2 protein chains.
Amino acid sequence: MTTEHSPGTAGRRAYHHGDLRQAVLAAALDVIASDGPGALSLRDLARRAGVSHAAPAHHFKDRTGLLTAIAAEGYDLLARALADAPDLRERGVRYVRFAAAHPAHFRVMFEPALHRADDPGLLAAKERASAELRAGVTDLADGAGTDPRTTGIAAWSLAHGFATLLLTHNLDEPLAGRDPGELFHALAGLTFGRDGTFNGQHRNGI
Amino acid sequence: MTTEHSPGTAGRRAYHHGDLRQAVLAAALDVIASDGPGALSLRDLARRAGVSHAAPAHHFKDRTGLLTAIAAEGYDLLARALADAPDLRERGVRYVRFAAAHPAHFRVMFEPALHRADDPGLLAAKERASAELRAGVTDLADGAGTDPRTTGIAAWSLAHGFATLLLTHNLDEPLAGRDPGELFHALAGLTFGRDGTFNGQHRNGI
DNA sequence: ACACTCATCTTGTCAGTGACTAGATTCCTC
DNA sequence: GAGGAATCTAGTCACTGACAAGATGAGTGT
């Protein structure tokens, strides 16, 4: 239960948890993924970790601090997941896979009311993820006359909408157990070409 | 403040509020739209309406009941907003406009953890909205060999993602005060043809 | 006018929660 | 091994959601 940080004190409950921050984060992700951020209780997380009710506050200041840390971690994971994607379509697939693999992070990231918007760590991670998203679109700025900005919003909307509907169980029936990434890959083929450009550009370019 | 239900008792505070249900609903939508569902407090809503802290419970049973009522009302409003749309593209625009006009409803609708999933009223309203969404896609089932089901998910994802990003303030900068509906109209033109079919169908059909 | 019933609202209460404070314990570094 | 910083405990306060019991008023039939 409580991790013993020193072998010598085996049997006696350690005063220090060892890695309370990680334990609280992990428990919080569990709760959020299954019951949403509203079901989060700092005292419950403390109980799960086997520490007093006020212990988590030292690591995260308050509830908002915990959620801010989760959001920042989420943006960081997303940025890393998107890096080095070959084209826009694959980037979208990775976006969807990220949401499926880290549902708690994803939900908290896109609920601004939950975190401290001016947190430096959050802002930095968000900027990294944002840069990765933008990078995916500039690849196709060489195309026809369509505004790349608008195109980027379209691509982001498609992936984000799919991910959101997935997490809110609105695609459970159509998926029927299939891999969400595969379905999105197929679906993106209807709107994006294999080379990562919009079909509309080709059509307009003819 | 408190509506007097009888002219004779003017000046004396009425024992009955008059329309507490509507007052609580309206206040709840205000709070949710500005600070999210997590900031909802039944006692605060009661205070705003000028009634005792337990009065709202009679109308909504509990917190979940209140949110379920909001979700049901939202699905009902959405179904009505989508009805009689000329084509899929316009249906998408209306979907986005609905989210912008009823942000609180929209947020609660797509957070299943907040409502009682087996509520009959909710299920009925949800089915009405779902039927309207499906109706928009069957219009283009006459097209080429692409799976209409997949096409429907793509269209829904695009509109839903745009709406979600809009409400989470991720499109504030690109929009810069412009009408979200207009931007989505333009954006949908990149993926849907003017007649409400996917560009990809034409391309494949050539 | 009267009794009956039901919906609505009030008052009182309970356990659980987030935030804060002061103090105890342990770790780390010099 | 001493001092300081990090981590955790214990106690408290205001607030919240949920529940129960009772008060008030509206509507209805006679």
Side-chain angles (χ1 to χ4, degrees), chain A residues 1-25 27-28 31-32 35-70 108 113-116, chain B residues 1-25 27-28 31-32 35-70 108 113-116:
Chain A
M1 191 146 301
T2 37
T3 50
E4 307 286 343
H5 63 288
S6 153
T9 63
R12 243 190 69 234
R13 186 173 163 280
Y15 186 90
H16 282 79
H17 177 279
D19 201 355
L20 182 58
R21 185 188 163 89
Q22 281 307 313
V24 168
L25 273 176
V31 173
I32 296 173
D35 297 333
L40 250 193
S41 152
L42 293 182
R43 291 175 109 101
D44 179 48
L45 298 179
R47 270 191 297 270
R48 293 186 188 218
V51 296
S52 82
H53 65 257
H58 185 269
H59 294 272
F60 303 102
K61 166 85 175 167
D62 55 13
R63 207 183 121 94
T64 303
L66 169 59
L67 291 166
T68 302
I70 292 177
V108 175
L114 294 181
H115 26 83
R116 227 176 304 273
Chain B
M1 196 154 297
T2 36
T3 49
E4 307 287 345
H5 62 289
S6 149
T9 64
R12 243 187 70 234
R13 185 171 162 280
Y15 187 88
H16 285 78
H17 177 280
D19 201 355
L20 182 58
R21 186 185 162 89
Q22 281 307 314
V24 168
L25 274 177
V31 173
I32 295 171
D35 298 333
L40 250 192
S41 154
L42 292 182
R43 291 175 110 101
D44 179 49
L45 299 180
R47 270 191 296 271
R48 294 186 188 217
V51 295
S52 82
H53 66 255
H58 186 268
H59 294 272
F60 301 102
K61 168 87 177 162
D62 55 13
R63 207 184 121 94
T64 303
L66 169 58
L67 291 165
T68 302
I70 291 177
V108 175
L114 294 181
H115 27 82
R116 229 177 301 274

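Everything numeric here is computed off the predicted structure, so don't read it as measured data. The chains referred to below are lettered A, B, ... by the order of the sequence lines, with proteins before strands, and numbering in each begins at 1.
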Rounded to whole angstrom units, what separation is found between the [atom1] atom of [X] and the [atom2] atom of [N]?
X        : N      : atom1 : atom2 : value
B:Arg63  : D:dT16 : CZ    : C1'   : 10 Å
A:Leu67  : C:dT17 : CG    : P     : 16 Å
A:Phe60  : D:dC8  : CZ    : C1'   : 14 Å
A:Lys61  : D:dC8  : NZ    : C1'   : 17 Å
B:Asp19  : C:dT8  : CG    : P     : 10 Å
B:Arg48  : D:dT16 : CZ    : P     : 11 Å
A:Leu42  : C:dG18 : CG    : P     : 5 Å
B:Leu114 : D:dG17 : CG    : P     : 13 Å

Among [options], which nucleotide has an atom closest to any side-chain atom of [X]?
X       : options               : result
A:His58 : D:dA10, D:dT7, D:dT16 : D:dT7
A:Ser52 : C:dT13, C:dC9, D:dC8  : D:dC8
B:Ala54 : D:dT7, C:dT11, D:dT9  : C:dT11

Here's a test of your reading of the structure: between B:Arg43 and A:Ala55, which maps to the more 5' nucleotide of DNA chain D?
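It is A:Ala55, whose closest nucleotide lies nearer the 5' terminus.
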Within the structure, does a side-chain N or O atom of A:Ser41 lie under 4.0 Å from either OP1 or OP2 of C:dG16?
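So the side chain of A:Ser41 is outside the cut-off, no N or O lying under 4.0 Å from OP1 or OP2 of C:dG16.
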A:Arg47 vs C:dG16: side-chain N/O to OP1/OP2 distance below 4.0 Å
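Checking A:Arg47 against C:dG16: no side-chain N or O falls below 4.0 Å of OP1 or OP2.
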Distance in Å, B:Leu114 CG paired with B:Thr64 OG1, rounded so as to fall on 0.5 Å steps:
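Output value for this atom pair is 8.0 Å.
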Please work out if [X] contacts a base, only the sugar-phosphate, or nothing of the nucleic acid, heavy-atom cut-off 4.0 Å.
X       : answer
A:Leu40 : sugar-phosphate
B:His59 : sugar-phosphate
A:Arg21 : nothing

Taking all non-hydrogen atoms of both residues into account, name the closest pair between A:Pro56 and A:Val51 and its distance.
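Taking A:Pro56 first and A:Val51 second, the nearest heavy atoms are CD-CG2, 4.5 Å.
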For the residue pair B:Arg63 and B:Leu42, what are the closest heavy atoms and their distance?
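Closest heavy-atom pair between B:Arg63 and B:Leu42: N-CD1, 3.7 Å.
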Quick one, B:Val24 and B:His59 - any side-chain contact, counting heavy atoms below 4.5 Å?
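Counting from C-beta outward, B:Val24 and B:His59 never come under 4.5 Å.
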Under the 3.5 Å rule, do the base of D:dG11 and the side chain of A:His53 count as making a donor-acceptor pair?
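Result: at least one qualifying N/O pair found.
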Please lay out, stage by stage, how A:Leu66 and A:Leu25 fare under the test side chain to side chain contact (heavy atoms under 4.5 Å, CB included).
CA-CA 8 Å; A:Leu66 169 59; A:Leu25 273 176; 3.9 Å; yes
